[in-house]
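Working notes, structure below.
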Amino acid sequence: MGTGDGNLPHIVIVGGGFGGLAAARSLRHLNVRITLVDRKNHHLFQPLLYQVATAMLMPGQIAAPIRQVLKNDRHTTVLLGEVSGVDAAAHTLTVETPEREPLHLHYDFLVLATGVQHSYFGHDEFEQYAPGMKTMADATKVRNKVLSAFEAAEHETDPALRSALLTFVLVGGGPTGVEMAGAIAELARMSMKSDFRRIDPQDTKILLVEASPRVLGGFDPSLSEKVTQRLTHMGVQVLTGHPVEQIDDSGVTVGGEHIASRTVIWTAGVTPSPVARWLGCPADRAGRVKVRYDLSVPGAPEIFVIGDVANYEQEGKPLPGVAQVAMQMGAHVARVMEARLMNDAPPPPFHYVNKGNMAVVGRNYAILERGNLKLTGYVAWLAWSLIHVLFLALPNLRVSVFLQWVWSYFTEQRGSRLIVEPEISSSPAETVRSAS
Ligand SMILES: Cc1cc2nc3c(=O)[nH]c(=O)nc-3n(C[C@H](O)[C@H](O)[C@H](O)COP(=O)(O)OP(=O)(O)OC[C@H]3O[C@@H](n4cnc5c(N)ncnc54)[C@H](O)[C@@H]3O)c2cc1C
């Protein structure tokens, strides 16, 4: 496929997420042809997905059209399509595009930054009852499910069914589960407290279930403890040390006990996209590609794998699947490619600089860990808010999210309490009835 300037080296980047966009932006000053392929037309700011799922923000506030983000990068072409394979020997990849024959793109360098998708740890049957949260469609589905449960509870006369409708279970106590639990508690007890006539949203039960002994396993244990206390104070029941044994349309079974719930949300596990299979290269047990010191693939120095789909060990441990890692990897592979194109000395091996990890639990409370520095409470929450606004991909999104948050802070109201696809005929109450 031609993209103009046919004699220039062609760099193909697959994935317009945190890693792929960072690579594209870092390459913009080079005299090369860049093609960025993504199956979605937008870059999604996943750290704020839970705010869409809990009606704080509108979908359009956390997603930026990739074309718009890269519109000033004259050497970069954006291609909407899904990559289905790579022929490393022929230096080509196959891109499925809507209503066309597959395209075969030739590359001089290839950057694979296709991220992960949720995984049900071999229990795919859970998915129909417990949606995960990875895409905008997922978050909108969760929002519909949460808001529909309150609507159904309002006209439910059976106390047991009403209780199941007002019980929300989050499976997985990582940052997303913790953030969702806090946000649902505030939605019910603050934003909707006066909106219903027959139910009292204060009666909402929220359970956060985590298989390991503590929530937020990636943080220092003292911070996990503080977050557990905070959630408990907000009315969230934190159940640790118990894996979920069963999920069906009547609820979940945890530690042998059945919890009746109409709304179960999966915030537990992820699995990498099939890059290792495309390349036939070494991968870890999860399927992440084991990359070399310069983030290239063993035996294919012109192919780089970055972000959540890469396994890069630093200090004896693989780096975590977080946005910072993906962005720093994207910038690093750009430096490696530039050095090779310019016949310069290669940069030193990739080294991740951890600028701090954060999680938020409702308004006014977050945790921040950076080396030995551990912050909790209001100051951490301000830092969290500032950083999340600044890292949105476009200025209009930053302004829009900032204004929304200020308005919500003072009014305790949400930005988007819409059920977009109401399915009256299969309402949650009817499903609960048929399940009981
Ligand atoms: C709900 C949630 C909350 C999170 N919260 C935080 C947080 O608070 N802080 C933090 O640091 N990290 C957080 N993360 C993790 C962070 O979002 C990821 O680490 C980061 O997005 C990884 O970047 P990436 O570029 O590897 O992949 P992604 O950002 O996921 O981008 C992958 C891109 O590849 C595209 N793609 C995938 N397969 C194909 C294909 N076959 N063909 C074409 N395109 C394809 C996708 O459409 C997507 O645009 C969160 C993740 C989730 C899901």
Side-chain angles (χ1 to χ4, degrees), residues 12-24 35-54 62-66 69 78-86 93-97 102-103 105 111-119 131-139 142 170 172 174-180 183 216 218-219 265-270 272-275 277-278 288-289 295 304-310 312 319-330 333 352 354-360 366-368 384 387-388 391 393:
V12 177
I13 301 170
V14 186
F18 285 99
L21 265 195
T35 303
L36 190 144
V37 187
D38 200 301
R39 61 186 174 193
K40 298 273 190 309
N41 82 331
H42 53 268
H43 164 78
L44 180 61
F45 194 80
Q46 292 169 22
L48 290 180
L49 258 188
Y50 85 94
Q51 294 217 352
V52 171
T54 52
I62 66 160
I66 297 171
V69 176
V78 176
L79 180 62
L80 180 67
E82 175 146 11
V83 170
S84 56
V86 176
L93 71 158
T94 306
V95 186
E96 317 285 337
T97 57
L103 292 172
L105 280 187
V111 180
L112 296 166
T114 45
V116 292
Q117 56 208 42
H118 37 254
S119 157
M133 268 216 311
K134 182 68 189 148
T135 64
M136 189 65 85
D138 296 336
V142 169
L170 297 141
T176 305
V178 163
E179 292 175 350
M180 277 290 287
L216 297 181
F219 287 79
I265 301 160
W266 187 262
T267 54
V270 288
S273 51
V275 168
R277 210 180 59 226
W278 294 342
R288 294 186 302 167
V289 174
L295 308 176
F304 301 92
V305 178
I306 62 171
D308 282 4
V309 75
Y312 183 82
L319 292 175
V322 294
Q324 281 187 67
V325 170
M327 288 190 285
Q328 290 181 29
M329 285 180 161
V333 294
Y352 169 58
N354 186 350
K355 295 180 182 157
N357 295 324
M358 310 180 98
V360 67
I367 58 168
L368 186 162
W384 178 92
I387 287 167
H388 281 70
F391 274 88

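Every number for a ligand or one of its atoms is a count from 1 in the order of the listing. A quick note: this is a predicted structure, and the numbers were derived from the prediction, not measured. Positions are given from 1, in the same order as the sequence printed here.
Nearest non-hydrogen protein atom to atom 18 (C) of ligand 1 is Asp308 OD2, 3.3 Å. If you check which protein heavy atom lies closest to atom 30 (O) of ligand 1, you get Gln46 NE2, 3.0 Å. Among all non-hydrogen protein atoms, the one lying nearest atom 25 (O) of ligand 1 is Gly19 N, 2.8 Å. The nearest protein atom to atom 35 (C) of ligand 1, hydrogens excluded, is given as Asp38 OD2, 3.3 Å; this is a heavy-atom distance. Counting only heavy atoms of the protein, atom 36 (N) of ligand 1 lies nearest to Arg39 NE, 3.8 Å. Closest to atom 10 (C) of ligand 1 among all protein heavy atoms lies Ala323 N, 3.6 Å. Of the protein's heavy atoms, Phe18 CD1, 3.6 Å lies nearest to atom 20 (C) of ligand 1. Among protein heavy atoms, atom 31 (O) of ligand 1 sits closest to Gly17 CA, 3.2 Å.
There is no protein heavy atom less than 4.0 angstrom from atom 14 (N) of ligand 1.
Minimum interatomic distance between Leu44 and Lys134 (heavy atoms only, all atoms of both residues): CD2-O, 3.5 Å. Residues Thr54 and Ala183 come closest through the heavy atom pair OG1-CB, 3.5 Å. Considering every non-hydrogen atom in both Gly307 and Met329, the closest pair reads N-SD, 3.2 Å. Closest of all the heavy-atom pairs between Trp278 and Ser84 is NE1-O, 3.4 Å. Closest of all the heavy-atom pairs between Pro272 and Arg288 is CG-CG, 3.5 Å.
A side-chain donor-acceptor contact under 3.5 Å links Thr267 to the backbone of Gly172. Between the side chain of Glu179 and the main chain of Gln51, no donor-acceptor pair closer than 3.5 Å is present. Of the possible polar contacts, none joining the Asp308 side chain to the Val116 backbone as a donor-acceptor pair under 3.5 Å is found. In this structure a side-chain-to-backbone donor-acceptor pair under 3.5 Å is missing from Thr114 to Gly15. Distance alone, capped at 3.5 Å, places no donor-acceptor pair between the His43 side chain and the Ala64 backbone.
With a heavy-atom cut-off of 4.0 Å, Trp278 touches ligand 1 through its side chain alone. Both the backbone and the side chain of Thr114 come within 4.0 Å of ligand 1, judged by heavy-atom distances. Contacts with ligand 1 closer than 4.0 Å are made by heavy atoms of both the backbone and the side chain of Pro47.
Selection from Asp138, Thr176, Thr267 by nearest heavy atom to atom 2 (C) of ligand 1 gives Thr176. If you check each of Ala326, Gly177, Gly15 against atom 34 (O) of ligand 1, the one with the closest non-hydrogen atom is Gly15. Here atom 40 (C) of ligand 1 lies nearest to Val83 when heavy atoms of Ile387, Val83, Leu36 are compared.
For the side-chain contact (heavy atoms from CB on, under 4.5 Å) with Leu49, the lone residue among Asp138, Val142, Ile62, Thr176 that qualifies is Ile62.
Contact between Gly81 and ligand 1 is present, with at least one heavy atom of the residue lying under 4.0 Å from the ligand. Using a 4.0 Å cutoff on heavy atoms, Pro175 does not count as a contact of ligand 1.
Not one N or O of Leu49 is nearer than 3.5 Å to an N or O of ligand 1, by distance alone.
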